[in-house]
Amino acid sequence: MASVLTPQATDFPRWYQDVVAKAELADNGPVRGTMVIRPYGYSIWERMQAEMDARIKATGAKNAYFPLFIPMSYFEREAEHVEGFSPELAVVTHAGGKELEEPIVVRPTSETVIGEYMGKWTQSYRDLPLLLNVWGNVVRWELRPRLFLRTTEFLWQEGHTAHVDEADAAAFARRILHEAYEDFMVNVLAIPVQVGRKTASERFPGAINTLTCEGMMGDGKSLQMGTSHELGQNFARLFGIDYLDDTGTQQLAWTTSWGSSARMVGGLIMGHGDDQGLVVPPALAPVQAAVLLVKDQEGSGDAARRLAAELVDAGVKVELDDRVSTSFGRRATDWELKGVPVRVEVGPRDLAEGMVTLALRHSGEKRSVSVAEAAPTVAALLPTIQAELLARATARRDESTAEVKTVEEAVEAAATGWAKLPWDALAGDGEARLGRDAVSVRCLQRADGTVPDADDEPGLVAIVGRSY
RNA sequence: CGGGGAGUAGCGCAGUGGUAGCGCACCUGCUUUGGGAGCAGGAGGUCGAGGGUUCAAAUCCCUCCUCCCCGACCA
């Protein structure tokens, strides 16, 4: 059979584009950098949203919505913020048939508007912490777009919180990082992210500290899959987020912001995909099992429908594929491209023996089970597959991570994966030297892998690599 | 913004002056269906736009537009 996709080893970026197209995830939009998310791609994003939303709400944050349009003047209040974002702003200068008095920015992020309203809403320490989350779209004008990974408009979640003091803000930024982001990525996406602290040069514009989750992709490059920022009192000062404390003294709040986006779909593709296409972990999959009717003869159609119903009853997300006017091979390939964890192949040959065939996407394994055992077997397999995917991704990441001592060795290791390098080895112009080879510090960790509180703690380790 | 390409059917492309073609996809029918089925028939085009040369332009000339790829930022 001719291969459907460009092999990863031949051209990884082209493989990625092929998967996006053939698995029917997305199309390019009419305006450069925009993206049309197709139903299957969107169903994956909806599953991500559902899992993330539950984790975000579990921290006490509540969903709200803020406007797409932001007055330009809001941006100009914070020097680093405006400097960081101005090259990628889309600005509305005309509306209603005339030129506007003040240009309006299409939000690239919402710290400023949300700051303005937090300022209105916080008067007493009893109003704090104020924990908000927004699901929406943002626009950052991109020169080099790639579907899901970097598009001019993208879907995301941005959380914004205000706290009575620095310690509470710092704790919350870490809580989101671990309990929402890391937990989701490890346990649902089955991607073993490295969590750590960004260096000053990689920090969010206007933040005093940025924390990150970095996943390793199939080509050894790093993908930033979620970030959580401590904003200090920068935005509180500029937008008047203050309150009276329990002694009646006026105090400035401490704020955080944190975001994750549909870029995670790109992480899913490149984190688990293979030359046969996407591989979706069962905990995430919008379709966990496809019941594939080989041909509708000798009652196999009825058997397939019955089996699909049994799978639903067993709590499995099922899709019945009885489009027998399309060849079996074509349909099997399509489900494989879409990364559906289990295919249940139902045909007269097996049914004559009282059996059906299960095909596992992640391993390529096929096994025969009796019709009666099929539904419970599939239901029981899903957690096993989930665990195997995480184990496999973890092993691959560890094999592709080298412990090194010098900048030169780090650059060499970054050709195929990550390097762990003593942060001290990058003192002075180390980051600039990495940058010349398109390599950067993805994050800093303590020797035990935990997240540092400052980048001048002794003995820190820099995780270094190429990135998306 | 600097350098390099490309615009012809939904997608990928061929077509160096004689009036539009191939592969895939699509539609109809028949035969198929256990890893992208076969055969037959069919539909689909202001050849990026405008101007010029010519008996004749997808093809040659001029102008414009758009898109893609490589160099500085980013979820």
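Per chain, numbering begins at 1; letters A, B, ... match sequence-line order. Heavy-atom basis, side chains included; hydrogens, waters and symmetry copies ignored.
Two residues, A/Gln276 and A/Tyr468, neighbour RNA chain B, and the one matched to the more 5' nucleotide by heavy-atom proximity is A/Gln276. Two residues, A/Pro145 and A/Glu202, neighbour RNA chain B, and the one matched to the more 5' nucleotide by heavy-atom proximity is A/Pro145.
Spacing between B/A43 and B/G4 at atom C1', rounded to whole Å, works out to 39 Å. Comparing the P positions of B/A14 and B/G2 gives an interatomic distance of 29 Å, to the nearest angstrom. Between B/G23 and B/G42, the distance separating the two P atoms is 14 Å to the nearest Å. With both ends at atom C1', the span from B/G5 to B/G41 equals 40 Å, rounded to whole Å. Rounded to the nearest Å, the gap between the C1' atom of B/A25 and that of B/C13 is 14 Å. Comparing B/G15 with B/U8, their P atoms sit 14 Å apart, to the nearest whole Å. Separation of the P atoms belonging to B/C69 and B/G45 is 29 Å when rounded to the nearest angstrom. Straight-line distance between the P atoms of B/C22 and B/A40: roughly 14 Å, to the nearest whole Å.
Per the geometry, CD belonging to A/Glu431 stands 12 Å off P belonging to B/C73, to the nearest Å. Atom CZ in A/Arg323 sits roughly 15 Å away from atom P in B/G34 (whole-Å rounding). Atom-to-atom, CG of A/Asn28 to P of B/G12 comes out at 11 Å; the value is rounded to the nearest Å. In this entry the distance linking CD of A/Glu214 with P of B/A75 reads 10 Å, nearest Å. Here the C1' atom of nucleotide B/A75 and the NE2 atom of A/His229 are 8 Å apart, to the nearest Å. The CG-C1' distance, from A/Asp334 to B/U33, rounds to 15 Å in whole Å. The distance from atom OH of A/Tyr181 to atom C1' of B/A75 is 10 Å, rounded to the nearest whole Å. Between A/Arg203 atom CZ and B/A75 atom P the separation is 14 Å, expressed in whole Å.
Counting distance only, with no hydrogens placed and no angle test, the side-chain atoms of A/Lys366 and the base atoms of B/G35 include a donor-acceptor pair under 3.5 Å.
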(request) Just do the side chain to side chain donor-acceptor pair (under 3.5 Å) check on A/Arg203 and A/Ser201 with the steps written out, would you? (result) CA-CA 6 Å; A/Arg203 211 172 270 159; A/Ser201 60; over 6 Å; no

(message) For a side-chain contact (heavy atoms from CB on, under 4.5 Å) check, start with the C-alpha distance between A/Leu177 and A/Cys213, then their side-chain angles and the critical distance, and finish with the verdict.
(response) CA-CA 8 Å; A/Leu177 183 75; A/Cys213 294; 3.8 Å; yes

(request) Kindly determine whether A/Ser257 and A/His160 satisfy side chain to side chain donor-acceptor pair (under 3.5 Å), including the steps that lead there. (result) CA-CA 4 Å; A/Ser257 69; A/His160 298 268; 4.7 Å; no

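Contact annotation for A/Ser257: no contact, since no heavy-atom pair falls under 4.0 Å across all strands. Residue A/Thr357 is in base contact, counting any heavy-atom pair closer than 4.0 Å across all strands shown. Using a 4.0 Å heavy-atom distance criterion, A/Glu142 is classed as a base contact. No contact: A/Leu223 has no heavy atom under 4.0 Å from any strand.
Applying the 6.0 Å contact sphere to CD of A/Glu412 captures no more than 12 heavy atoms from other residues, nucleotides or ligands.
The partner of B/G44 is absent, by the rule that a Watson-Crick or G-U pair needs both atom distances under 3.5 Å. Pairing for B/C1 goes to B/G71, judged as Watson-Crick or G-U wobble with the two contacts each under 3.5 Å. With a cut-off of 3.5 Å on both Watson-Crick or G-U wobble distances, the partner of B/G23 is given as B/C11. Across all strands shown, the partner of B/G18 is B/C55, judged by Watson-Crick or G-U wobble contacts whose two distances both fall under 3.5 Å. Pair assignment for B/A37: B/U31, on the basis of Watson-Crick or G-U wobble contacts that are both within less than 3.5 Å. Taking a pair to require two hydrogen-bonding distances under 3.5 Å in either a Watson-Crick or a G-U wobble arrangement, B/U63 pairs with B/A49.
The aromatic rings of A/Phe204 and A/His229 sit parallel to each other, their planes meeting at less than 30°, with 60° as the upper class boundary. Taking the six-membered ring where the residue is Trp, A/Trp135 and A/Trp45 present perpendicular rings, their angle passing 60° and hence far from 30°. In this structure, A/Phe12 and A/Trp15 have tilted ring planes: the angle between them lies in the 30° to 60° band.
Closest to the side chain of A/Lys295, out of B/U33, B/G35, B/A75, is B/U33. Candidate nucleotides B/G35, B/A75, B/G34 were compared by shortest atom distance to the side chain of A/Ser261, and B/A75 ranks first. Among the nucleotides B/G34, B/G35, B/A75, the one closest to the side chain of A/Thr333 is B/G35. Ranking B/G35, B/G34, B/C74 by closeness to the A/Arg263 side chain, first place goes to B/C74.
Judged by distance alone, the side chains of A/Gln157 and A/Ser260 do bring a donor and an acceptor atom under 3.5 Å apart. No side-chain donor from either of A/Thr394 and A/Arg396 sits under 3.5 Å from a side-chain acceptor of the other.
Sorted by first and then second residue, the salt bridge (Lys or Arg N to Asp or Glu O under 4.0 Å) pairs with a member in residues 178-197 of chain A read A/Arg55-A/Asp183, A/Arg175-A/Glu179; sequence neighbours excluded.
Contact record, A/Arg397 with A/Pro192: NH1-O, 2.7 Å, taken as the closest heavy-atom pair. The shortest non-hydrogen separation linking A/Val378 to A/Ala289 is CG1-CB, 4.2 Å.
Put simply, A/Arg32 has a side-chain N or O that comes within less than 4.0 Å of OP1 or OP2 on B/C68. A close approach under 4.0 Å does not occur between any side-chain nitrogen or oxygen of A/Ser327 and OP1 or OP2 of B/U33.
RNA chain B lies under 4.0 Å from at least one heavy atom of each of the following residues of residues 342-350 of chain A: A/Arg343, A/Glu345, A/Gly347, A/Pro348, A/Arg349, A/Asp350.
Taking the 5.5 Å centre cut-off and the 30° plane limit, the aromatic side chain of A/Phe328 is not classed as stacked on B/G35.
Under a cutoff of 6.0 Å and an axis angle of 45°, A/Arg146 and A/Tyr16 form a cation-pi pair.
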Polar-atom pairs under 3.5 Å, protein N or O versus N or O of nucleotides 40-42 of chain B: list them with distances, or write none.
none

